[in-house]
Amino acid sequence: MASSDSSIESAGRRSGRRRFAVASGSIAAGLAAALAGATFGLQAVTLPRPSPGQLMAAKTMRWLTRHDAVESVKIVHQRPVSSLCVNAVVGPLRGSGPPGRVHGSLLITPHARLLDTRFAAFRVGRTLREEDGAAPSIQAVLAGCPRALERRIGGLLDDRVPVGVKRILRGGEQLVRLAFARRDRGLFLIVALRTFAPVAVRIARGRTGWTSLAPAERRDLVAPSLRLSRRLRLVVKEDV
Amino acid sequence: MVAAAVAGRRLDWPHASIHVPGASSPHALSLLSYWDGVWYRTIAERGYLLIPGRQSDPAFFPLFPIALRALHGLGFSFLTAGIVMANGALIVGIVAFYELGRRVVSADVAETSALLAAFFPMSFVFSMTYPESLVLAALALSLLWALSGRWTLSALAGAAAALGRPEAMFFALPLAAIAVATGRTGRAAPGRAIGAALAPIASVATFPLYLGWAIKNVSAWSLAQSAWGRSFELNGIVRAVHQLHHPGTNPWLWRDACLCVIYLGLIAAARRLGLSWPWLLAGAAIVLLPLATGTFMSDARFGLLALPAYWGLGALTRRRAVRLPLLILSAGLLVAGTLTIPLATP
């Protein structure tokens with residue numbers, strides 16, 4: 001009789017302890033979940049969110065960081081002119097050039113070869129000749145040079161410039177037109193809706209038209225035009 | 001420290017035209033808003049956006065920008081709001097840390113430790129528009145309230161601390177230890193106690209979730225960290241040590257490396273006070289875990305939140321003959337540290 005009483009008592013104590021543990025666990029989980037909800041809500045309510053256009057532009061930035069070369073075609077005097085731009089590593093340079101080795105873009109057009117970096121732009125001949133003014137970097141942006149375009153879009157996103165979005169249909173493909181509304185450095189970009197790859201670019205300033213862009217094929221990268229003189233190869237290397 | 005910041009600004013120090021984020025502001029105290037202060041302000045003003053291929057703001061936790069935005073809403077400029085909040089939180093933090101110390105170590109060690117925390121050479125960061133002072137206050141209050149059995153308040157403060165800096169979640173360990181210890185005395189509300197210990201972890205987890213919701217990228221925090229040159233790897237500590245010897249490495253990294261060693265030594269010294277291992281482990285994790293990202297950069301600042309290190313310093317300086325000279329030296333280094341803000345990111 002006594003042993004049956006004590007076993008009932010200990011079973012009761014066990015189930016009581018279990019109930020207590022379950023209740024404590026539920027309270028702990030409930031408190032943690034409530035606080036998680038509150039902290040999430042606090043962030044959601046108080047902090048501004050980027051616009052859909054800014055998010056799409058950020059996705060285009062991601063595409064650009066993953067590509068090393070872009071070919072472009074623009075219409076000049078009703079004739080298509082194509083160029084190729086590859087990522088390059090430049091340096092060390094003498095004179096007023098950037099210190100050490102820097103990343104840049106090597107742009108090959110039918111008329112010239114141009115090297116654009118964050119610090120300066122150079123015309124590539126037998127030697128590198130520094131170019132003044134903003135024209136070379138605008139040329140690199142219009143040619144869809146991944147790094148130049150990245151820098152331009154990145155700067156606009158850093159400043160959280162408003163980005164207008166308009167869906168368009170071209171050749172059966174869903175595209176998006178992104179308009180970076182900034183008086184001095186405005187930019188228009190058409191990107192593929194599925195991949196966010198840039199398809200065309202235009203700069204708001206001046207009377208530049210659209211340039212069509214496409215990722216460069218491997219065969220383009222062995223083009224003779226890309227080969228530099230042995231002397232220049234010491235300072236300019238393709239970064240692909 | 002504030003006077004040193006004003007003097008540094010007035011003297012236009014350093015004269016060299018080096019680019020320091022935030023240096024363009026004409027505010028007398030703008031020295032205290034340099035470097036990451038600019039990023040916190042950007043988040044407060046414009047929110048988060050991950051910009052692939054360049055340094056962007058999802059690398060920074062949201063408590064400080066949220067608080068900045070709240071004060072800005074009351075009419076303060078972002079810069080004034082940041083400086084008022086950081087220094088107000090520093091006062092609360094030091095008082096709360098003193099009270100916490102009285103419950104964890106002896107009263108004399110608690111007093112010395114609080115004083116040395118305020119005058120520690122890197123403590124100028126507590127006055128900058130950075131989240132460190134808010135996190136110090138929230139952490140100290142969370143632990144203090146846990147020791148008083150006020151679990152809901154402790155959970156709230158713990159969650160706030162972890163929303164300021166992710167390292168604060170390591171203090172879930174001492175919080176859990178306090179919950180277990182009070183549970184043994186039979187005067188605990190175990191559910192709320194465990195909930196309080198879980199709160200910092202739950203709070204940290206909401207940040208990637210928020211980024212997933214707001215900018216459609218749950219991994220934005222770690223991707224942004226990589227753009228800042230930080231990525232967790234198993235050999236991170238080895239890489240961090242190697243980085244010190246790379247040619248062209250920023251010499252200021254040695255300041256961080258030296259202070260890292262000092263913090264660890266002080267945490268070891270705190271053992272002599274009978275501090276239990278969860279406290280020591282939390283302190284050591286705060287100092288050591290950032291090294292797993294492959295650099296000592298800013299470890300001197302991260303270590304400011306390793307609370308047991310101050311108790312270790314308090315234990316080593318119990319004698320007045322040691323304490324006074326150390327306080328004077330520390331205060332001198334603190335002023336020097338404030339003046340060197342334009343030279344190196346803390």
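In this text the structure is predicted, and so the values were computed from the model without any measurement. Below, read A as the first sequence line, B as the second, and so on, with proteins coming before strands; counting in each chain starts at 1.
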Non-hydrogen atoms of chain A under 4.5 Å away: do they reach the side chain of [X], the backbone, both or neither?
X	answer
Ala214(B)	both
Ile201(B)	neither
Leu163(B)	side chain
Ala44(B)	backbone
Arg46(B)	both
Leu63(B)	neither
Arg54(B)	side chain

Top of [options] for chain A proximity - count of heavy-atom pairs under 4.5 angstrom:
options	result
Leu50(B), Thr206(B), Ile215(B), Leu198(B)	Thr206(B)
Asp57(B), Ile66(B), Ile194(B)	Ile66(B)
Pro52(B), Ala160(B), Gly47(B), Gly195(B)	Pro52(B)
Ala199(B), Pro62(B), Ala162(B)	Pro62(B)

Choice from [options] maximising heavy atom contacts with chain B below 4.5 Å:
options	answer
Arg160(A), Arg62(A), Glu150(A), Met61(A)	Arg160(A)
Ala32(A), Ala33(A), Ala44(A), Ala38(A)	Ala44(A)
Thr46(A), Thr65(A), Val45(A)	Thr46(A)
Ala34(A), Pro50(A), Ala21(A), Gly30(A)	Pro50(A)

TODO: Measure across Asp68(A) and Pro146(A) and return the closest heavy-atom pair with its distance rounded to 0.1 Å.
DONE: C-CG, 4.1 Å
Open item on the list: If you compare all heavy atoms of Ala157(B) against all heavy atoms of Trp145(B), which two are closest, and at what distance to 0.1 Å?
Closed with: CB-CZ3, 3.9 Å
Report yes or no: does [X] contribute a side-chain atom to a donor-acceptor pair with the main-chain N or O of [Y] at less than 3.5 Å?
X	Y	result
Thr129(B)	Ile83(B)	no
Thr293(B)	Arg230(B)	no
Thr117(A)	Phe119(A)	yes
Ser83(A)	Thr109(A)	no
Thr249(B)	Gln243(B)	yes

TODO: Quickly, which of Tyr130(B), Trp228(B), Trp35(B) forms a ring pair (Phe, Tyr, Trp, His ring centres under 6.0 Å) with Phe60(B)? Name it, please.
DONE: Trp228(B)
Open item on the list: Side chains of Ser219(B) and Ser222(B): any donor to acceptor distance under 3.5 Å?
Closed with: no
Task: Side-chain H-bond candidate by donor/acceptor type, Ser226(B) with Ser231(B), under 3.5 Å - done: no
Task: Among Arg147(A), Arg151(A), Arg152(A), salt bridge (Lys or Arg N to Asp or Glu O under 4.0 Å) partner for Asp116(A) - done: Arg151(A)
- [ ] Counting only heavy atoms closer than 4.5 Å, note whether Leu157(A) contacts chain B via side chain, backbone, both or neither.
- [x] both
Task: Structural part of Leu31(A) lying under 4.5 Å from a heavy atom of chain B - done: side chain
